[in-house]
> 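I have a structure I would like to understand better, so I am pasting it below and will then ask my questions one at a time.
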Amino acid sequence: MSRYVFSMDSHVVEPRPLWQENLPPAMRDRALRAERRDGYLVMVADGKDLHRMQIGDGNSDNPRIGGTSPELRFQDMLKDGIDAELLFPNLGMMCYAIDDAELSLACMRVYNDWLMQQFGAHRDALVPCAVLPMREVAETLDEFRRVVALGYRAVMLPTLPPAGLRYNNKDFDPVWAYAQEQGIPLAFHVASGLTPITERGPGAAIINYMRLGFATEELVTYMVAGGALDRHPGLTMVVIEAGASWMVALGERLDEVHEAHQYYVKPKLSRKPSEILFRQVKATFQFDRACLKTIPMTGHECLLWASDYPHMEGTFPRSRQVIEQVFGDAGLAPEVQADILGGTAARLYGLAPRPLAQRLAA
């Protein structure tokens, strides 16, 4: 069966010397980079270890070849049955973990310039997502406007904002207003911002991964309850790699509290929290079958499928099989399944839902 599949969570792999070669000369010795050390891959910037991962990618039988090259990426996409992708950083996610604001912003700009130069010619199938700072409103807006001028139609902000900042702060309304004006969805990827790795004891791998999802739910709660989405009804936010079945439970809980504590709720919302949630927040998933069962309550427009290429927890090179397993017995109408797999994403970013093989053959 022919179908159009748009992965709403895929990653590039930045060239190793990207920041060391492209930052202003005075910053290059503090550049963001990755080092192999004692069995770990350590992310470093400004003389500090930002994050580390145990080496062992689990991909030896299925190498990923499309991290940096669009042409090689298309080969992997064809192999995996993927027609379009939203492109997020890999090491570049660590820009948010750099304490020095000037260095952090400079690293983001280097990445944003490189990503558009490398993949921008293929925006009918590869949608580059720029990394925006979130410390000062003026700084965020400056970079937002700059990347829009470069041709970006996708941007991301940190799920976990810098210490002391909250997404219910009305000072950020100019950012939300500009995104609404431009019709650009705001993406929030798990593990972006403050480090979520806080547990080192038994069960740490599962506990820390689950906390990524909890942080996403908290982010969405701030944006709904704090009124940002209600004040900007044309704004869409997309939360990446946290699953989607939690959406229905969060909507129920928000409505319950909104009603039960109505005398204390500020700001007063013009719509039920669940209505705001299901209309303006979209969530990506890979294996989450439960979210398909809740469509009668949430609607299907808030659900987007993703592969998480090229990460080991992603679905490459078996995305076709995963889709069959997740959607096979869900009983969805063909047009609903088509929207979740790619139609809704294509509309979000202005793409014609055309199979990749046809694009490449044209």
> With hydrophobic residues grouped by side-chain heavy-atom distances under 4.5 Å, do Phe119 and Leu78 end up in a single group?
yes
> Test of understanding: with side-chain hydrogen bond (donor to acceptor under 3.5 Å, both in side chains), list the residues that count as partners of Tyr40, not counting sequence neighbours.
none
> Considering residues at least two apart in sequence or located in another chain, which fulfil the salt bridge (charged side-chain N to carboxylate O under 4.0 Å, His left out) criterion with Arg52?
none
> Look at the side-chain heavy atoms of Ile, Leu, Val, Met, Phe, Trp and Tyr, link any pair under 4.5 Å apart, and say whether Leu105 and Met116 land in one connected group.
no
> Are Met77 and Val322 grouped together when hydrophobic residues (ILVMFWY) are joined by side-chain heavy atoms under 4.5 angstrom apart?
yes
> Counting only N and O atoms by type, is there a donor-acceptor contact under 3.5 Å from the side chain of Arg123 to the main-chain atoms of Gly120?
yes
> Return each pair, listed once, that meets side chain to side chain donor-acceptor pair (under 3.5 Å) where at least one residue sits in residues 169-187; pairs must be two or more places apart or across chains.
Asp173-Arg231
> Please check if the number of heavy atoms outside Lys268 that lie under 6.0 Å from its NZ is greater than 12.
yes
> When you measure from the side chain of Asp255 to the backbone of Ser274, do you find a donor-acceptor pair of N or O atoms at a distance under 3.5 Å?
yes
> If we ignore hydrogens and angles and just use 3.5 Å, is the side chain of Arg3 paired with the main-chain N or O of Leu341 as donor and acceptor?
no
> Sub-3.5 Å donor-acceptor pair from the side chain of Asp76 to the main-chain atoms of Ile65, do we have one?
yes
> Check whether any side-chain N or O of Asp80 sits under 3.5 Å from a backbone N or O of Arg320 as a donor-acceptor pair, and report yes or no.
no
> Dump the intermediate steps for salt bridge (Lys or Arg N to Asp or Glu O under 4.0 Å) on Arg211 and Glu199, then the final yes or no.
CA-CA 10 Å; Arg211 281 179 169 171; Glu199 180 57 55; 5.1 Å; no
> Determine whether more than 12 heavy atoms belonging to other residues, nucleotides or ligands lie under 6.0 Å from atom CD of Gln321.
yes
> Around Glu102, counting heavy atoms of other residues, nucleotides and ligands shown, do more than 12 lie under 6.0 Å from its CD?
no
> Between Glu218 and Tyr167, do the side chains contain an N or O donor and an N or O acceptor separated by less than 3.5 Å?
no
> For the residue pair Trp19 and Tyr111, does the interplanar ring angle fall in the parallel (under 30°), tilted (30 to 60°) or perpendicular (over 60°) class?
parallel
> Is there a donor-acceptor contact under 3.5 Å from the side chain of Asn112 to the main chain of Val131?
yes
> Around atom CG of Asp38, are there more than 12 heavy atoms of other residues, nucleotides or ligands at under 6.0 Å?
no
> Taking Ser319 for the side chain and Gly81 for the main chain, is one N or O donor matched with an acceptor at less than 3.5 Å?
no
